[in-house]
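Written out below as structure tokens is the structure these notes cover.
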Amino acid sequence: RYDKGVLSIIDSGLRVPPGLSTGLRGDLDFGRGIGQLYLPGLELKDSDGAQLLKLDNRAEIRMSSKADEFHLSSADLGLAFVRKADGGWKIEVADLAGLHSHSPLLQRFALDNGQFQLSSANGTEPYLIAGSMEYQYPLLIVDSAPVNDYHFTGEFGGEALYLDINEGVNIVIEDGVEMHSVGVGYNLPAILDLLEAPGGSEQQPVSEQADSVDPVPATNKRTGTETGGLDFRLFATDSEIGLGDKYKVLADSLELHYSGGETRVELHHLKGRATLKMVGDQVEMRGKGFGQEFLENIITLSDFKGGEMEFGLKGAFNEFDAGLRITDTVLVDFKMLNNMLAFINTLPGLLTFKPPHYDTQGLPTKEIYAAVHFKDKLLDLTSLLIDSDELDLQGTGWIDFNKDTTDITFNLVTGAAESVKKIPVLGYILAGDEDKNSVSLMVKGDLHSPEVSNTAAREVVTYPLQLIGRTLLWPEHAVKKMADESQGESD
């Protein structure tokens, strides 16, 4: 109805392809250049039918036109729009909190606060993006500290979206997602928390659930190959992977590629190189050549001088078997050994077990081996073998990282005879050999300052090293050499 310059919309609706639909009511006063509209049942879907926004109640929109500008605002949606005579325009969302409860897209990615701007200088591409937010998941690490505050700028036009996050992460979304970063780390626990959160990665695809959201194309347009959904690449330099408050994996360079349900990672730090392959929840990882700095950031129970580490890991992401080998390192301030030697100091008859220069120089070791089973932050230490000229240690037990507690039984072996060298690879003696002395100690309690007690002398049973190597760690030639020597002795 139109009367005296006022258009009254009693009951109407609006549909804009591909997915905007709403009821429409209100008044437009052309003489005064103002208007007030109500949008009952406002709904927005993407081209695949996935719901992006839905308001159960009506949204109120106020409009005004003055001089060369047209203004539109909605307190219900928390947004404002302005358009200038030259065609330039800007949309601003002052606080995403107002939209969060109405948007499956925002809920899926836990975007419940922050401000956002989208603008065009003359009404055409490129469209500029800017915003900031405090995110509940600290996905990035800068200067060794998790980051919750994020600001971003970017633009999109044609088929590409470019984003810069915190001036250290650059993202290009075109066919797939490609990310580059310098001096930025990635917080693995927070990333996993986001993926496991309700509405995260476990959500069904659009074809199975109409209201889900999967905005990433399923085909790479450059290659024409099916990607199985997300095609993602990460190239990071001067980076790290945070594993929790005390642990991190250092990376001079880090490359990750996810496509077709498969993830591949290659990591370098100084002379060290590691590769990872993950399909579904099954993961396999190998690494070798990592030195002192890398060691001290993933093994916090001791400091190291020199040394080189290789490792292997295989299993599910939340439950796996792993083995590691460290050669030619000096253990310095090894917390468990500190407490064991402090206990030995109270028993004069055991002083022969104390390395003479440990307090000032540490414990030089030839080789350290460990085999573990990890599940739900509980580490089952199936074998720990430390081979040193001064003192050998063998241990089995467990470490609970949920409570930072441990319970491990150690054999300390000293006074080894020359015949020990005939034992393949290790050069250590089992308890009970007549040519050496051994003592069994229990290490129990707080992981970083455990209590030590003497226990009845007994042999600590460990996995055969050939088994550890074949399944997790050793290169094929070393495993074959051990097998050949074993076959020759049997013959």
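Please read all numbers here as calculations on a predicted model, not as lab measurements.
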Closest heavy-atom pair and its distance - L96, N113:
CD1-O, 3.4 Å

Non-hydrogen atoms of M340 and L393 that approach each other most closely
CE-CD2, 3.6 Å

Atom CD1 in I326, atom CG in D387: separation rounded to 0.5 Å?
13.0 Å

Decide if atom CD of Q282 counts as having more than 12 heavy atoms of other residues, nucleotides or ligands within a radius under 6.0 Å.
yes

May I have the step-by-step check of side-chain contact (heavy atoms from CB on, under 4.5 Å) for I298 and M309, ending in yes or no?
CA-CA 11 Å; I298 63 170; M309 181 183 72; 3.6 Å; yes

Distance check, rounded to the nearest 0.5 Å: L267 atom CG versus L276 atom CG?
10.0 Å

From E155 CD over to E125 CD, what is the distance, rounded to the nearest 0.5 angstrom?
10.0 Å

Hey, what do you get for NZ (K375) to NZ (K377), rounding to the nearest 0.5 Å?
16.0 Å

Checking the side chain of D400 only, and the main-chain atoms of N402 only, is there a donor and an acceptor separated by less than 3.5 Å?
yes

What residues, two or more places apart in sequence or in another chain, satisfy side-chain contact (heavy atoms from CB on, under 4.5 Å) together with N170?
D164

Please tell me if the side chains of Y137 and I191 come closer than 4.5 Å, counting only heavy atoms from C-beta onward.
no

Taking the side chain as every heavy atom from C-beta outward, state whether L295 and F290 have any pair of such atoms under 4.5 Å apart.
no

So NE2 of H102 and CD of Q107: to nearest 0.5 Å the spacing works out to 9.5 Å

Go through the steps for L194 and Y135 under the test side-chain contact (heavy atoms from CB on, under 4.5 Å), then give the verdict.
CA-CA 11 Å; L194 173 60; Y135 202 35; 3.5 Å; yes

Under 3.5 Å, is there a donor-acceptor pair between the side chain of T396 and the main chain of I408?
no

Provide the closest heavy-atom pair for L384 versus A370 in the form atom of the first, atom of the second, distance.
CD1-CB, 4.1 Å

With side-chain contact (heavy atoms from CB on, under 4.5 Å) as the criterion, how do Q361 and V330 come out once you've worked through the C-alpha distance, each side chain's angles and the decisive distance to 0.1 Å?
CA-CA 8 Å; Q361 300 178 17; V330 179; over 6 Å; no

Expected output: side-chain S383 to main-chain A371 donor-acceptor under 3.5 Å
no

If only side-chain N and O atoms count, and only distance matters, is there a donor-acceptor pair under 3.5 Å linking N338 with Y358?
yes

I'd like to check the side-chain contact (heavy atoms from CB on, under 4.5 Å) partners of E266; sequence neighbours left out, ordered by chain and number.
H268, R273, T275

Is the closest side-chain heavy-atom distance between V372 and L381 below 4.5 Å?
yes

Which one of K271, E310, E308 satisfies the side chain to side chain contact (heavy atoms under 4.5 Å, CB included) criterion with K288?
E310

Taking C-beta and beyond as the side chain, do I171 and I165 meet within less than 4.5 Å on heavy atoms?
yes

Could you label the plane-to-plane angle of the Y247 and F401 rings as parallel, tilted or perpendicular, counting under 30° as parallel and over 60° as perpendicular?
perpendicular

Verify side-chain contact (heavy atoms from CB on, under 4.5 Å) between Q115 and S132, making sure each step is shown before the conclusion.
CA-CA 6 Å; Q115 58 90 22; S132 63; 3.3 Å; yes

For residues D407 and K444, report the shortest heavy-atom separation together with the two atoms involved.
OD2-CE, 3.5 Å

Would you say D231 and D175 make side-chain contact, with heavy atoms under 4.5 Å?
no

Donor-acceptor pair, distance only, cut-off 3.5 Å: does the side chain of T365 make one with the backbone of T329?
yes

Could you measure the distance from the CG atom of L52 to the CG atom of D46? Nearest 0.5 Å is fine.
5.0 Å

Under 30°, 30 to 60°, or over 60°: which ring-plane class applies to Y127 and F156, parallel, tilted or perpendicular?
tilted

Hey, does the side chain of E174 reach the backbone of E159 with a donor-acceptor pair shorter than 3.5 angstrom?
no

State whether the number of non-hydrogen atoms from other residues, nucleotides or ligands found under 6.0 Å of D281 atom CG is greater than 12.
yes

Is the shortest side-chain heavy-atom distance between F294 and F304 below 4.5 Å?
no

Under 3.5 Å, side-chain donor or acceptor atoms of residues 180-188 against the rest of the protein: list the pairs with distances, not counting sequence neighbours.
from, atom 1, to, atom 2, distance (Å)
H180, NE2, E178, OE2, 3.0
S181, OG, Y186, OH, 2.7
N187, ND2, P138, O, 3.0

E167, CD atom: more than 12 neighbouring heavy atoms under 6.0 Å
no

Quick one about E319 and H373 (side-chain donor to acceptor, distance below 3.5 Å, no hydrogens or angles considered), yes or no?
yes

Distance-minimising heavy-atom pair for M336 and P450:
CG-CG, 4.3 Å

Quick one: does F410's side chain get under 4.5 Å of L337's, heavy atoms only?
no

Shortest non-hydrogen separation from K248 to G242 and the atoms involved
CB-CA, 4.3 Å

Side-chain heavy-atom pair M285, F311 within 4.5 angstrom cut-off:
yes

Which of I141, L139, N166 passes side chain to side chain contact (heavy atoms under 4.5 Å, CB included) with V147? It is N166

